[in-house]
2 protein chains.
Amino acid sequence: MKENTGKTKYVILGLLSHCPQTGYSIKKSIEFEYSHFWQESFGQIYPTLKALVSEGLAVSSDILESSDGRGQIVYNITEAGRAELEKWLSEAPDVEKIRYEILLKISFGTNTQSQVLLGHLDDFIERNEKTVSELDGYIEIFHVLKAQGEDHTFNELTALCGKYVYSAMRDWALDAKRIITERGEKQ
Amino acid sequence: MKENTGKTKYVILGLLSHCPQTGYSIKKSIEFEYSHFWQESFGQIYPTLKALVSEGLAVSSDILESSDGRGQIVYNITEAGRAELEKWLSEAPDVEKIRYEILLKISFGTNTQSQVLLGHLDDFIERNEKTVSELDGYIEIFHVLKAQGEDHTFNELTALCGKYVYSAMRDWALDAKRIITERGEKQ
DNA sequence: TGGATAATATATCATAAAGATATATATGTC
DNA sequence: GACATATATATCTTTATGATATATTATCCA
């Protein structure tokens with residue numbers, strides 16, 4: 001029995017707890033709903049699905065050729081899978097590992113011309129601004145749905161986290177531009 | 001010739017561009033100076049150092065037994081290494097990949113009791129608050145050094161980014177607690 | 001109608017990264 | 001002297017990412 005103790009296992013269980021899905025739709029769900037704070041690859045998803053089945057945490061359908069002619073394997077969570085998910089949900093989350101390449105380049109900035117760094121920062125500001133607008137759009141949709149009686153509190157909360165974090169990065173980059181520019185003028 | 005196209009290569013070149021070092025001191029530098037936005041393991045550092053030497057981007061000393069009796073290999077950057085570093089610094093940084101386990105748990109929150117989520121959020125707030133204080137301390141030190149004529153602009157900028165981001169996460173968690181609590185009361 | 005492209009779907013491989021462990025010496029301290 | 005901590009190199013396993021292979025179906029559009 002293979003171990004596979006990463007988080008992928010729990011993401012998949014979490015998604016299957018909502019509804020039965022194929023590996024492909026799991027990948028797409030993560031891309032569309034979670035891309036701001038999570039990502040998984042096919043290379044992780046398919047082996048993990050097999051491991052979940054062999055551990056009894058999920059069950060797979062036979063290959064269905066009937067539905068639309070395409071072969072697909074639909075996975076569903078088991079009671080044991082739900083229990084495993086609950087257990088993980090109750091445990092304290094790990095500390096985030098973050099790799100900000102732009103900070104490395106800033107940090108080695110003595111080797112770099114100011115103009116290059118300012119260019120990187122402009123791209124960074126634009127990118128983060130775009131993400132914030134996107135998240136604002138989602139938050140608005142969740143509010144509309146809420147007014148219609150649908151509860152999307154937890155989706156709203158994750159979007160809100162993204163908004164705070166990406167706004168902070170944009171604000172930092174604006175400050176950083178100013179500080180680097182002032183420093184350049186002094187020299 | 002092995003490729004090794006990850007970022008580890010450039011982090012090491014960046015550190016070696018400041019001063020010659022051993023693999024161990026590279027690990028420690030990253031831990032102490034960059035841990036808020038970067039991390040590397042021995043399993044990445046030692047093989048990458050060998051690859052850098054074989055590519056002519058760094059040179060290694062023979063094993064020195066003399067200095068303090070302990071065997072150590074000191075690495076230094078070459079001119080080709082500096083050129084490679086410059087090239088990388090001028091290229092646009094990749095988009096950050098972020099994995100926030102706490103957001104996954106929030107997102108699967110329908111499966112979880114409010115009390116558990118609020119507990120996770122409390123830990124999260126405390127952790128981020130601590131990090132912000134730590135970064136504030138660094139920023140103050142950089143200001144003192146600046147007053148004494150030492151320029152630490154780029155170290156200050158990276159600490160400032162951390163301060164902004166970790167503050168944003170703390171603020172979000174405070175909001176999240178409020179929203180979850182209100183939702184619980186309504187039901 | 002044909003042809004190109006995009007979407008659905010499963011799967012594997014190579015590279016990269018993280019984490020754990022092994023080994024050995026040196027230093028500090030109780 | 002015993003024990004913990006720090007210095008130092010190295011490897012191994014597990015986990016994650018990115019690219020690629022393969023095949024079918026759906027859609028767009030000229």
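Worth knowing before you read on, the calculation uses all heavy atoms, side chains too, and leaves out hydrogens, waters and symmetry mates. Every chain is numbered from 1 and lettered A, B, ... according to where its sequence line falls, protein lines coming before strand lines.
The number of heavy-atom neighbours closer than 6.0 Å to NZ of B/K130, taken from other residues, nucleotides and ligands shown, is 12 or below. By the 6.0 Å contact criterion, CD on A/E91 is enclosed, its count of non-hydrogen atoms from other residues, nucleotides or ligands being greater than 12.
Considering only side-chain N and O atoms, B/T8 lies under 4.0 angstrom from the phosphate OP1 or OP2 of C/dA17. For A/Y46 and C/dA11, the shortest distance from a side-chain N or O to OP1 or OP2 is not below 4.0 Å. An OP1 or OP2 oxygen of C/dA17 is reached within less than 4.0 angstrom by no side-chain nitrogen or oxygen of B/K7.
In this structure, A/S90 contributes its side chain and A/K87 its backbone to a donor-acceptor pair below 3.5 Å.
Place B/R99 and B/G43 on DNA chain D by their nearest nucleotides, and B/G43 ends up nearer the 5' end. Mapping A/Q39 and B/F32 onto DNA chain D by nearest heavy atom places B/F32 closer to the 5' end of the strand.
Between the CD1 atom of B/I45 and the P atom of D/dT7 there is a distance of 14 Å, rounded to whole Å. Atom NZ in A/K27 sits about 16 Å away from atom P in C/dA11, given to the nearest Å. As a whole-Å value, the separation of A/I30 CD1 from D/dG18 P is 14 Å. In this structure, B/I26 places its CD1 atom 12 Å from P of D/dA8, rounding to the nearest Å. Between the C1' atom of C/dA17 and the NZ atom of B/K9 lies a distance of 16 Å, rounded to the nearest Å. As rounded to whole Å, 14 Å separates atom C1' of C/dA11 from atom CD of A/Q44. Between B/E40 atom CD and D/dT9 atom P there is a gap of 16 Å when expressed in whole angstrom units. In this structure, the CG atom of B/L49 is 11 Å from the C1' atom of D/dT9, given to the nearest Å.
Checking D/dG18, C/dA16, D/dT9 against the side-chain heavy atoms of B/I73 singles out D/dT9 as nearest. Closest to the side chain of B/Y24, from the set C/dA18, C/dT12, D/dT7, is D/dT7. Of the listed nucleotides (C/dA9, C/dA11, D/dT9), D/dT9 has the atom at the smallest distance from the side chain of B/T22. Here the nucleotide nearest the side chain of B/K97, chosen from C/dG19, D/dG18, C/dA17, is D/dG18. Among the nucleotides C/dA20, C/dA9, D/dA16, the one closest to any side-chain atom of B/F42 is C/dA20. Considering only side-chain atoms of A/K50, the nucleotide from C/dT12, C/dA16, C/dG19 that sits closest is C/dT12.
A donor and an acceptor atom, one from each side chain of A/E40 and A/T8, are located under 3.5 Å apart.
Note: B/Y24 and B/F42 have parallel aromatic rings, judged against thresholds of 30 and 60 degrees for the angle between ring planes.
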